[in-house]
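Every heavy atom of this structure was used, including side-chain atoms; hydrogens, water molecules and symmetry mates were not. Numbering of residues begins at 1 and proceeds along the displayed sequence.
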Amino acid sequence: MNRPVQRLIIAVLALILVVSVGAVGISSLTGNNPSDEKQGEQPTAANPDDRPTADPADQPPKPELPRPEEPAGLTEQTSEGAQATLTYLLESYTYMMTTGDTSVWEDSVDPNCEVCTTFLGNAQILHEQDGYLVDGEFDVRSTGFSGTGEPPATGQVVADFTQEASIIVDDPNLQANPIDEVSGQLIAQVAWDGTRWRVTDMSIAPASSGASDAGGASDAGGASDAG
């Protein structure tokens, strides 16, 4: 295979993902790396980083993962439903990145959420390049919700999480990239669409709130009382 490998700008939520053109940190989740994001949709020459080539047979095997089941809370207009929605997105992320099946996210994110659609697009690109994620499961330690309305129609969900170490194979013919375990706090804006909760925006909490290497999240007020 000698086709161009399209650059992936994958925030992987708080995961620092090494891709074919170098490391992209969680700053991309908060919009602090706009030049990289613009380049993310453009094809680049194969192996621009001069990574060692690899025999596809020697790559870590692609995991066979079952499709995660949606919890009932996704269709409940409650605080618990909003928190269940973000938890589901995190816990189904590895499945999406491994299989390329974006349906696990599509019904729970707003189509106008730029961060969300970037995740979806990158999962599709990775799949088209015969790439996949190995491991990298999320452990959601706690969540909190603050909303408006009764029942709430909009609000903010904060999740404290750890993502286990993983390996990204973005081109089977190039050396795979190991990714360290990371922990952080994700802030998601959510809205009730009449039938279920949808995430309308996501960002990583600033380092002062316990997460690392993130830009300021202007809507992070109240995040510290999640737990």
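Between the side chain of W192 and the backbone N or O of E76, no donor-acceptor pair lies under 3.5 Å. Not one N or O on the side chain of S92 forms a donor-acceptor pair closer than 3.5 Å with the backbone of Y95. H127 places a side-chain N or O within 3.5 Å of a backbone atom of T99 that can act as its donor or acceptor partner. With T143 contributing its side chain and V140 its backbone, the two residues share no donor-acceptor pair below 3.5 Å. Between the side chain of E164 and the main chain of G136, a donor-acceptor pair closer than 3.5 Å is present. A distance-only check finds no donor-acceptor pair linking the side chain of T162 to the backbone of D139 [under 3.5 Å].
Residues S142 and D160 have side chains that bring a donor and an acceptor to within less than 3.5 angstrom of each other. For the 3.5 Å distance criterion, the side chains of S79 and Q83 qualify, holding a donor opposite an acceptor. Checking T195 against D193 by side-chain atom types alone, a donor-acceptor pair falls below 3.5 Å. No side-chain donor from either of S108 and R198 sits under 3.5 Å from a side-chain acceptor of the other.
By the 6.0 Å contact criterion, CD on E106 is enclosed, its count of non-hydrogen atoms from other residues, nucleotides or ligands being greater than 12.
For the pair E69 and Y88, the tightest heavy-atom approach, listed with the atom from each and the gap, is O-CE1, 3.5 Å. Taking both residues in full, the closest heavy atoms of P172 and D130 are given as CG-O, 3.3 Å, listed atom of the first, atom of the second, then distance. Among all heavy-atom pairs drawn from I179 and I168, the shortest one is CD1-CG2, 4.2 Å. Between P178 and A176, the shortest heavy-atom distance links the atoms CD-O, 3.7 Å. Nearest approach of G155 to F145, heavy atoms of both residues: CA-CE1, 3.9 Å. Of all heavy-atom pairs between R141 and S183, the closest is NH1-OG, 4.1 Å.
Residues passing the side-chain contact (heavy atoms from CB on, under 4.5 Å) test with T117: none are found, sequence neighbours excluded. Here S103 pairs with R67, D101 under the side-chain hydrogen bond (donor to acceptor under 3.5 Å, both in side chains) rule; sequence neighbours left out.
Rounding to the nearest 0.5 angstrom, the gap separating the CG atom in D135 from the CD atom in Q163 is 10.0 Å. Separating the CH2 atom in W197 from the CG atom in L74 is a distance of 11.5 Å, to the nearest 0.5 Å. Considering CZ of R196 and CD of Q77, their distance stands at 13.5 Å, rounded to 0.5 Å.
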Quiz item: After noting the C-alpha distance and the side-chain angles of S166 and E137, does the key distance pass the side chain to side chain contact (heavy atoms under 4.5 Å, CB included) rule?
Solution: CA-CA 8 Å; S166 60; E137 297 290 342; over 6 Å; no
Quiz item: Do L186 and F161 pass the side chain to side chain contact (heavy atoms under 4.5 Å, CB included) test, and can you show the C-alpha distance, the side-chain angles, and the key distance before you say yes or no?
Solution: CA-CA 8 Å; L186 182 70; F161 67 87; 3.9 Å; yes
Quiz item: Could you walk me through whether V157 and T85 pass the side chain to side chain contact (heavy atoms under 4.5 Å, CB included) check?
Solution: CA-CA 9 Å; V157 181; T85 297; over 6 Å; no
Quiz prompt | side chain to side chain contact (heavy atoms under 4.5 Å, CB included) between L120 and M96, intermediate numbers included | solution = CA-CA 8 Å; L120 295 172; M96 180 173 73; 3.8 Å; yes
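Ring pair Y93/W105: centre-to-centre distance below 6.0 Å.
Side-chain contact check for T53 versus N173: every heavy-atom pair is 4.5 Å or farther apart. The shortest side-chain heavy-atom distance between N177 and I167 does not fall under the 4.5 Å cut-off.
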